[in-house]
Undergrad: 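One structure, pasted below without further comment.
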Amino acid sequence: MPELPEVETTRRGIEPHVVGRSVARVIVRNAHLRWRVPDKLKKELPGQVIQSASRRGKYLLLVTHAGTVILHLGMSGSLRVAPCDQPADKHDHVDIALDNGDCLRLRDPRRFGAVLWTRDDPLTHKLLKDLGPEPLGPDFNGAYLFHTSRKRKRAVRDFLLDGHVVAGVGNIYANESLFLAGIRPSRAAGRLTQTQCEALVRTIRQTLNRAIKAGGTTLRDFRQASGQPGYFQLSLHVYGREGEPCPTCGTPIRARRQGQRTAFFCPKCQL
DNA sequence: AATCGCGCCTGACGGC
DNA sequence: TGCCGTCAGGCGCGAT
(Lines give C-alpha, C1' and ligand atoms only; values in the text may rest on other atoms or scores of the structure.)
Protein backbone atom coordinates (compact mmCIF):
# COMPACT_ATOMS: atom_id res chain seq x y z
CA MET A 1 0.00 0.00 0.00
CA PRO A 2 1.20 2.66 1.64
CA GLU A 3 3.75 5.09 0.56
CA LEU A 4 4.50 8.24 2.48
CA PRO A 5 1.19 10.06 1.79
CA GLU A 6 -0.84 7.08 2.94
CA VAL A 7 1.25 6.73 6.09
CA GLU A 8 0.95 10.45 6.78
CA THR A 9 -2.81 10.30 6.17
CA THR A 10 -2.99 7.44 8.65
CA ARG A 11 -0.87 9.31 11.18
CA ARG A 12 -3.12 12.36 11.01
CA GLY A 13 -6.17 10.14 11.32
CA ILE A 14 -5.06 8.32 14.45
CA GLU A 15 -3.24 11.18 16.19
CA PRO A 16 -6.25 12.85 17.86
CA HIS A 17 -7.53 9.48 19.07
CA VAL A 18 -4.33 8.16 20.62
CA VAL A 19 -2.19 11.04 21.87
CA GLY A 20 -2.67 11.59 25.60
CA ARG A 21 -4.43 8.24 26.01
CA SER A 22 -2.94 5.46 28.01
CA VAL A 23 -2.69 1.91 26.76
CA ALA A 24 -4.93 -0.58 28.55
CA ARG A 25 -3.59 -3.73 26.90
CA VAL A 26 -2.14 -5.17 23.75
CA ILE A 27 -3.88 -7.99 21.88
CA VAL A 28 -1.81 -9.95 19.39
CA ARG A 29 -3.92 -12.37 17.35
CA ASN A 30 -1.17 -13.19 14.88
CA ALA A 31 2.39 -12.29 15.79
CA HIS A 32 3.71 -13.56 12.50
CA LEU A 33 4.17 -10.29 10.64
CA ARG A 34 7.33 -9.43 8.74
CA TRP A 35 9.12 -9.82 12.04
CA ARG A 36 7.58 -11.53 15.03
CA VAL A 37 5.71 -9.03 17.20
CA PRO A 38 7.92 -8.85 20.32
CA ASP A 39 6.63 -10.20 23.64
CA LYS A 40 8.03 -7.10 25.29
CA LEU A 41 5.36 -4.99 23.58
CA LYS A 42 2.69 -6.76 25.63
CA LYS A 43 4.74 -6.49 28.80
CA GLU A 44 6.01 -2.93 28.59
CA LEU A 45 3.42 -0.89 26.66
CA PRO A 46 0.32 -1.28 28.86
CA GLY A 47 0.00 1.54 31.38
CA GLN A 48 2.01 3.91 29.20
CA VAL A 49 0.62 7.21 27.91
CA ILE A 50 1.11 7.84 24.19
CA GLN A 51 2.99 11.12 24.01
CA SER A 52 3.01 11.55 20.25
CA ALA A 53 2.26 9.88 16.94
CA SER A 54 5.00 10.74 14.47
CA ARG A 55 6.39 9.45 11.21
CA ARG A 56 9.82 8.80 9.72
CA GLY A 57 9.63 7.79 6.07
CA LYS A 58 6.98 5.09 6.01
CA TYR A 59 7.44 4.19 9.67
CA LEU A 60 4.92 5.34 12.26
CA LEU A 61 6.16 5.96 15.77
CA LEU A 62 4.03 5.93 18.92
CA VAL A 63 6.20 7.46 21.60
CA THR A 64 5.77 6.75 25.32
CA HIS A 65 8.02 7.40 28.30
CA ALA A 66 8.98 3.72 28.47
CA GLY A 67 9.70 3.24 24.78
CA THR A 68 8.38 3.60 21.25
CA VAL A 69 6.14 1.43 19.10
CA ILE A 70 7.52 1.26 15.55
CA LEU A 71 4.81 0.42 13.04
CA HIS A 72 5.13 -0.31 9.34
CA LEU A 73 2.17 -0.96 7.06
CA GLY A 74 4.08 -2.99 4.47
CA MET A 75 2.13 -3.46 1.26
CA SER A 76 -1.37 -4.04 2.54
CA GLY A 77 -1.52 -2.72 6.09
CA SER A 78 -3.97 -0.22 7.49
CA LEU A 79 -4.62 1.17 10.93
CA ARG A 80 -7.92 2.31 12.26
CA VAL A 81 -9.45 3.37 15.52
CA ALA A 82 -12.41 1.21 16.43
CA PRO A 83 -14.39 0.26 19.52
CA CYS A 84 -12.56 -2.65 21.13
CA ASP A 85 -15.70 -4.74 21.28
CA GLN A 86 -16.13 -4.58 17.51
CA PRO A 87 -15.40 -8.07 16.17
CA ALA A 88 -12.00 -8.44 14.54
CA ASP A 89 -11.61 -9.31 10.88
CA LYS A 90 -9.44 -12.31 10.08
CA HIS A 91 -6.60 -9.99 9.07
CA ASP A 92 -6.84 -7.76 12.15
CA HIS A 93 -3.62 -8.99 13.73
CA VAL A 94 -2.84 -6.51 16.50
CA ASP A 95 -4.93 -4.25 18.74
CA ILE A 96 -3.53 -1.60 21.01
CA ALA A 97 -6.44 -1.10 23.39
CA LEU A 98 -6.78 2.35 24.93
CA ASP A 99 -8.23 3.48 28.24
CA ASN A 100 -11.49 4.75 26.69
CA GLY A 101 -12.71 1.52 25.10
CA ASP A 102 -11.27 2.28 21.68
CA CYS A 103 -8.42 0.40 20.14
CA LEU A 104 -5.87 1.04 17.46
CA ARG A 105 -6.31 -1.92 15.15
CA LEU A 106 -3.79 -3.12 12.57
CA ARG A 107 -5.18 -4.98 9.59
CA ASP A 108 -2.64 -6.46 7.19
CA PRO A 109 -3.69 -9.26 4.83
CA ARG A 110 -0.24 -9.83 3.37
CA ARG A 111 1.56 -9.48 6.66
CA PHE A 112 4.49 -7.55 5.20
CA GLY A 113 4.00 -4.96 7.89
CA ALA A 114 5.65 -4.77 11.30
CA VAL A 115 4.95 -3.86 14.91
CA LEU A 116 8.14 -3.43 16.92
CA TRP A 117 9.08 -2.00 20.29
CA THR A 118 12.22 -0.17 21.30
CA ARG A 119 13.22 1.38 24.60
CA ASP A 120 15.90 3.48 22.91
CA ASP A 121 15.70 6.56 20.74
CA PRO A 122 13.79 5.15 17.74
CA LEU A 123 15.87 7.16 15.30
CA THR A 124 18.89 5.07 16.28
CA HIS A 125 16.97 1.86 15.59
CA LYS A 126 18.56 -0.33 12.96
CA LEU A 127 15.62 0.16 10.59
CA LEU A 128 15.58 3.94 10.84
CA LYS A 129 19.14 5.06 11.36
CA ASP A 130 20.26 4.91 7.73
CA LEU A 131 17.16 6.42 6.16
CA GLY A 132 17.68 9.33 3.82
CA PRO A 133 16.12 12.76 4.36
CA GLU A 134 12.39 13.32 4.56
CA PRO A 135 11.20 14.30 1.08
CA LEU A 136 9.08 17.11 2.51
CA GLY A 137 11.84 18.38 4.78
CA PRO A 138 14.52 21.03 4.14
CA ASP A 139 17.39 18.55 3.68
CA PHE A 140 15.86 17.14 0.54
CA ASN A 141 16.72 19.71 -2.10
CA GLY A 142 18.19 19.97 -5.58
CA ALA A 143 21.76 20.27 -4.35
CA TYR A 144 21.40 17.16 -2.18
CA LEU A 145 19.87 15.09 -4.97
CA PHE A 146 22.48 16.24 -7.46
CA HIS A 147 25.34 15.53 -5.12
CA THR A 148 24.03 12.12 -4.00
CA SER A 149 23.33 10.92 -7.52
CA ARG A 150 26.79 11.62 -8.95
CA LYS A 151 28.42 8.54 -10.46
CA ARG A 152 25.33 6.48 -9.71
CA LYS A 153 24.40 4.24 -12.60
CA ARG A 154 21.06 3.03 -11.35
CA ALA A 155 17.91 4.09 -13.11
CA VAL A 156 16.56 7.22 -11.45
CA ARG A 157 13.22 5.53 -10.68
CA ASP A 158 15.04 2.80 -8.72
CA PHE A 159 17.29 5.40 -7.12
CA LEU A 160 14.26 7.27 -5.77
CA LEU A 161 12.79 4.05 -4.33
CA ASP A 162 15.94 3.55 -2.26
CA GLY A 163 15.15 4.68 1.27
CA HIS A 164 18.76 5.56 1.87
CA VAL A 165 18.46 8.26 -0.79
CA VAL A 166 15.11 9.68 0.28
CA ALA A 167 12.67 8.19 2.78
CA GLY A 168 9.18 7.16 1.79
CA VAL A 169 8.94 7.59 -1.99
CA GLY A 170 7.45 4.43 -3.51
CA ASN A 171 6.70 3.31 -7.03
CA ILE A 172 3.51 5.30 -7.60
CA TYR A 173 4.88 8.65 -6.54
CA ALA A 174 8.30 8.10 -8.13
CA ASN A 175 6.65 7.50 -11.50
CA GLU A 176 4.30 10.45 -11.13
CA SER A 177 7.07 12.83 -10.09
CA LEU A 178 9.31 11.74 -12.97
CA PHE A 179 6.47 12.37 -15.40
CA LEU A 180 5.92 15.89 -14.09
CA ALA A 181 9.67 16.56 -14.24
CA GLY A 182 9.90 15.22 -17.82
CA ILE A 183 12.49 12.57 -16.94
CA ARG A 184 12.44 8.93 -18.08
CA PRO A 185 12.33 6.40 -15.24
CA SER A 186 15.17 4.46 -16.88
CA ARG A 187 17.54 7.44 -17.01
CA ALA A 188 20.76 6.82 -15.07
CA ALA A 189 20.60 8.86 -11.86
CA GLY A 190 24.15 10.09 -12.34
CA ARG A 191 23.25 11.68 -15.66
CA LEU A 192 20.64 14.07 -14.29
CA THR A 193 21.59 17.72 -14.58
CA GLN A 194 21.46 20.08 -11.65
CA THR A 195 18.37 21.70 -13.16
CA GLN A 196 16.67 18.33 -13.50
CA CYS A 197 17.46 17.48 -9.88
CA GLU A 198 15.88 20.72 -8.80
CA ALA A 199 12.81 20.07 -10.93
CA LEU A 200 12.53 16.54 -9.61
CA VAL A 201 12.68 17.64 -6.00
CA ARG A 202 9.92 20.14 -6.73
CA THR A 203 7.67 17.57 -8.42
CA ILE A 204 8.25 14.98 -5.69
CA ARG A 205 7.24 17.46 -3.01
CA GLN A 206 4.27 18.66 -5.03
CA THR A 207 3.06 15.14 -5.74
CA LEU A 208 3.39 14.00 -2.12
CA ASN A 209 1.68 17.11 -0.79
CA ARG A 210 -1.21 16.79 -3.21
CA ALA A 211 -1.61 13.11 -2.40
CA ILE A 212 -1.70 13.85 1.33
CA LYS A 213 -4.37 16.47 0.69
CA ALA A 214 -6.44 13.89 -1.20
CA GLY A 215 -6.14 11.41 1.65
CA GLY A 216 -3.71 9.14 -0.18
CA THR A 217 -4.11 6.76 -3.10
CA THR A 218 -6.46 3.78 -2.87
CA LEU A 219 -5.72 1.25 -5.60
CA ARG A 220 -6.80 -1.82 -3.71
CA ASP A 221 -6.96 -1.94 0.00
CA PHE A 222 -5.65 1.31 1.42
CA ARG A 223 -8.01 2.94 3.89
CA GLN A 224 -7.63 6.05 5.99
CA ALA A 225 -7.95 5.61 9.76
CA SER A 226 -11.60 6.56 9.39
CA GLY A 227 -12.17 3.71 6.94
CA GLN A 228 -12.54 6.14 4.01
CA PRO A 229 -10.52 5.43 0.86
CA GLY A 230 -8.06 8.00 -0.54
CA TYR A 231 -8.79 9.84 -3.75
CA PHE A 232 -5.41 10.59 -5.28
CA GLN A 233 -5.74 7.72 -7.76
CA LEU A 234 -8.06 10.04 -9.67
CA SER A 235 -5.17 12.47 -10.12
CA LEU A 236 -2.56 9.98 -11.35
CA HIS A 237 -1.06 10.97 -14.69
CA VAL A 238 0.80 7.83 -15.70
CA TYR A 239 0.77 5.22 -12.94
CA GLY A 240 -1.45 2.30 -13.92
CA ARG A 241 -2.43 4.04 -17.16
CA GLU A 242 -0.66 1.99 -19.81
CA GLY A 243 -2.16 2.70 -23.22
CA GLU A 244 -4.12 5.73 -22.08
CA PRO A 245 -3.29 9.09 -23.68
CA CYS A 246 -0.66 11.24 -22.00
CA PRO A 247 -2.50 14.13 -20.34
CA THR A 248 -0.01 16.55 -21.91
CA CYS A 249 0.48 15.33 -25.48
CA GLY A 250 -1.91 12.44 -26.07
CA THR A 251 0.78 9.84 -26.82
CA PRO A 252 -0.13 6.47 -25.32
CA ILE A 253 1.48 5.90 -21.91
CA ARG A 254 3.96 3.04 -21.84
CA ALA A 255 4.64 0.52 -19.11
CA ARG A 256 7.80 -1.47 -18.81
CA ARG A 257 9.22 -3.82 -16.31
CA GLN A 258 12.21 -2.17 -14.68
CA GLY A 259 13.86 -4.26 -12.03
CA GLN A 260 11.16 -5.70 -9.80
CA ARG A 261 8.58 -2.99 -10.46
CA THR A 262 6.67 -1.55 -13.37
CA ALA A 263 7.64 1.90 -14.62
CA PHE A 264 5.09 4.09 -16.41
CA PHE A 265 6.01 7.00 -18.66
CA CYS A 266 5.15 9.09 -21.70
CA PRO A 267 7.70 8.30 -24.43
CA LYS A 268 7.35 11.79 -25.88
CA CYS A 269 7.28 14.04 -22.79
CA GLN A 270 9.94 12.19 -20.80
CA LEU A 271 13.50 12.08 -22.13
C1' DA B 1 30.44 0.63 -2.09
C1' DA B 2 26.81 -0.12 -5.15
C1' DT B 3 23.58 -2.98 -7.25
C1' DC B 4 20.70 -6.89 -8.14
C1' DG B 5 17.37 -10.48 -7.20
C1' DC B 6 14.90 -13.02 -3.75
C1' DG B 7 11.40 -13.89 -0.51
C1' DC B 8 8.10 -12.87 2.92
C1' DC B 9 2.21 -13.37 2.17
C1' DT B 10 -2.79 -12.98 0.54
C1' DG B 11 -5.98 -11.63 -2.75
C1' DA B 12 -7.72 -9.70 -7.04
C1' DC B 13 -8.03 -10.12 -11.74
C1' DG B 14 -7.80 -11.83 -16.54
C1' DG B 15 -7.54 -15.60 -19.78
C1' DC B 16 -9.00 -19.99 -20.96
C1' DT C 1 -17.84 -21.80 -12.65
C1' DG C 2 -13.20 -22.85 -11.73
C1' DC C 3 -8.35 -23.25 -12.30
C1' DC C 4 -3.96 -21.11 -13.12
C1' DG C 5 -0.67 -17.61 -13.88
C1' DT C 6 0.44 -12.88 -12.99
C1' DC C 7 0.57 -8.89 -10.53
C1' DA C 8 0.48 -5.66 -6.44
C1' DG C 9 1.70 0.28 -3.04
C1' DG C 10 7.72 -2.45 0.64
C1' DC C 11 12.04 -3.50 1.94
C1' DG C 12 15.79 -6.05 4.32
C1' DC C 13 19.03 -9.37 3.19
C1' DG C 14 22.64 -12.04 1.05
C1' DA C 15 25.32 -12.60 -3.08
C1' DT C 16 28.15 -10.46 -6.50
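Just so we're on the same page: letters track the sequence lines, and every chain starts at 1.
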Undergrad: Nearest-nucleotide wise, let me know which of L131(A) and R110(A) is further upstream toward the 5' end of DNA chain C.
TA: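 Its nearest nucleotide being more 5', the pick is R110(A).
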Undergrad: Give the nucleotide from the list dC9(B), dT3(B), dC13(C) with an atom nearest to the side chain of K126(A).
TA: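 In terms of side-chain proximity for K126(A), the closest of dC9(B), dT3(B), dC13(C) is dC13(C).
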Undergrad: For H91(A) and dT10(B), is the shortest distance between a side-chain N/O and OP1 or OP2 below 4.0 Å?
TA: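 Answer no for this pair, as no side-chain N or O of H91(A) is under 4.0 Å from OP1 or OP2.
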Undergrad: May I ask you to verify if any side-chain N or O of K58(A) is less than 4.0 angstrom from the OP1 or OP2 atom of dG12(C)?
TA: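 No, K58(A) has no side-chain N/O under 4.0 Å of OP1/OP2 on dG12(C).
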Undergrad: Between E8(A) and R11(A), does any side-chain N to carboxylate O distance fall below 4.0 Å?
TA: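 Looking at E8(A) and R11(A), the cut-off is met.
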Undergrad: Would F112(A) pass as stacked on dC11(C), i.e. its ring centre under 5.5 Å from the base's six-membered ring centre and planes under 30° apart?
TA: no
Undergrad: I'd like to know if the side chain of D89(A) pairs up with that of H91(A) as donor and acceptor (distance under 3.5 Å, no hydrogens or angles considered).
TA: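 No.
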Undergrad: Have a look at K151(A) and say if it touches a base, only the backbone sugar-phosphate, or nothing, with a 4.0 Å heavy-atom cut-off.
TA: nothing
Undergrad: Could R154(A) and D162(A) be called an ion pair, given the rule that one side-chain N must be under 4.0 Å from one carboxylate O?
TA: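 Between D162(A) and R154(A) there is a salt bridge, with a charged N closer than 4.0 Å to a carboxylate O.
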Undergrad: Closer to the 5' end of DNA chain B via nearest nucleotide, is it R34(A) or P109(A)?
TA: R34(A)
Undergrad: F232(A) near the nucleic acid: base, sugar-phosphate alone, or nothing, with a heavy-atom cut-off under 4.0 Å?
TA: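 No contact.
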Undergrad: Answer with base, sugar-phosphate or nothing: what part of the nucleic acid does L161(A) contact at a heavy-atom distance below 4.0 Å?
TA: nothing
Undergrad: Grab the CZ-C1' distance between R261(A) and dG5(B) for me, whole Å please.
TA: 12 Å
Undergrad: Indicate yes or no for a side-chain donor-acceptor contact from N175(A) to the backbone of Y239(A) under 3.5 Å, with no hydrogens or angles considered.
TA: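 Not at all, since once roles are kept as given, no pair shorter than 3.5 Å links the two residues.
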Undergrad: Determine, for R119(A) against E44(A), whether the closest basic-nitrogen to carboxylate-oxygen distance falls under 4.0 angstrom.
TA: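 Counted as a salt bridge, because a side-chain N and a carboxylate O are separated by less than 4.0 Å.
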Undergrad: Using Watson-Crick or G-U wobble geometry with both distances under 3.5 Å, which nucleotide pairs with dG5(C)?
TA: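 Result: dC13(B).
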Undergrad: Applying the Watson-Crick and G-U wobble criteria at under 3.5 Å, what pairs with dC11(C)? Answer none if nothing qualifies.
TA: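 dC11(C) is paired with dG7(B).
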Undergrad: Scan Y173(A) against the nucleic acid and name what it touches under 4.0 Å (heavy atoms): base, sugar-phosphate only, or nothing.
TA: nothing
Undergrad: Counting the atoms with a prime plus P, OP1 and OP2 as sugar-phosphate, which does T217(A) contact under 4.0 Å by heavy atoms, base, sugar-phosphate, or nothing?
TA: base
Undergrad: Using OP1 and OP2 only, check whether a side-chain N or O of K153(A) sits under 4.0 Å from dA2(B).
TA: no
Undergrad: Just to confirm, is there a sub-4.0 Å distance from OP1 or OP2 of dT10(B) to any side-chain nitrogen or oxygen of R111(A)?
TA: yes
Undergrad: Hey, does the side chain of H72(A) come within less than 4.0 Å of dC11(C)'s phosphate (OP1/OP2), counting only N and O?
TA: yes
Undergrad: Treating Q48(A) as the side-chain partner and A66(A) as the backbone partner, does any N or O pair qualify as donor plus acceptor under 3.5 Å?
TA: yes
Undergrad: Starting at atom CZ of R150(A), determine the distance to atom P of dA2(B), rounded to an integer number of angstrom.
TA: 14 Å
Undergrad: Just N and O in the side chain of H164(A): are any of them under 4.0 Å from OP1 or OP2 of dC11(C)?
TA: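 Looking at the OP1 and OP2 atoms of dC11(C), neither is under 4.0 Å from any side-chain N or O of H164(A).
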Undergrad: Output the single nucleotide from dG12(C), dT3(B), dC11(C) whose closest atom is nearest the side chain of L127(A).
TA: dG12(C)
Undergrad: Where the side chain of H32(A) is concerned, which of dA2(B), dG10(C), dC8(B) is the nearest nucleotide?
TA: dC8(B)
Undergrad: Is the phosphate of dC7(C), meaning OP1 or OP2, less than 4.0 Å from a side-chain N or O of T262(A)?
TA: no
Undergrad: Which is true for R257(A) with a 4.0 Å heavy-atom rule: it touches a base, it touches only sugar-phosphate, or it touches nothing?
TA: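 The answer is sugar-phosphate, as R257(A) gets under 4.0 Å only of primed atoms, P, OP1 or OP2.
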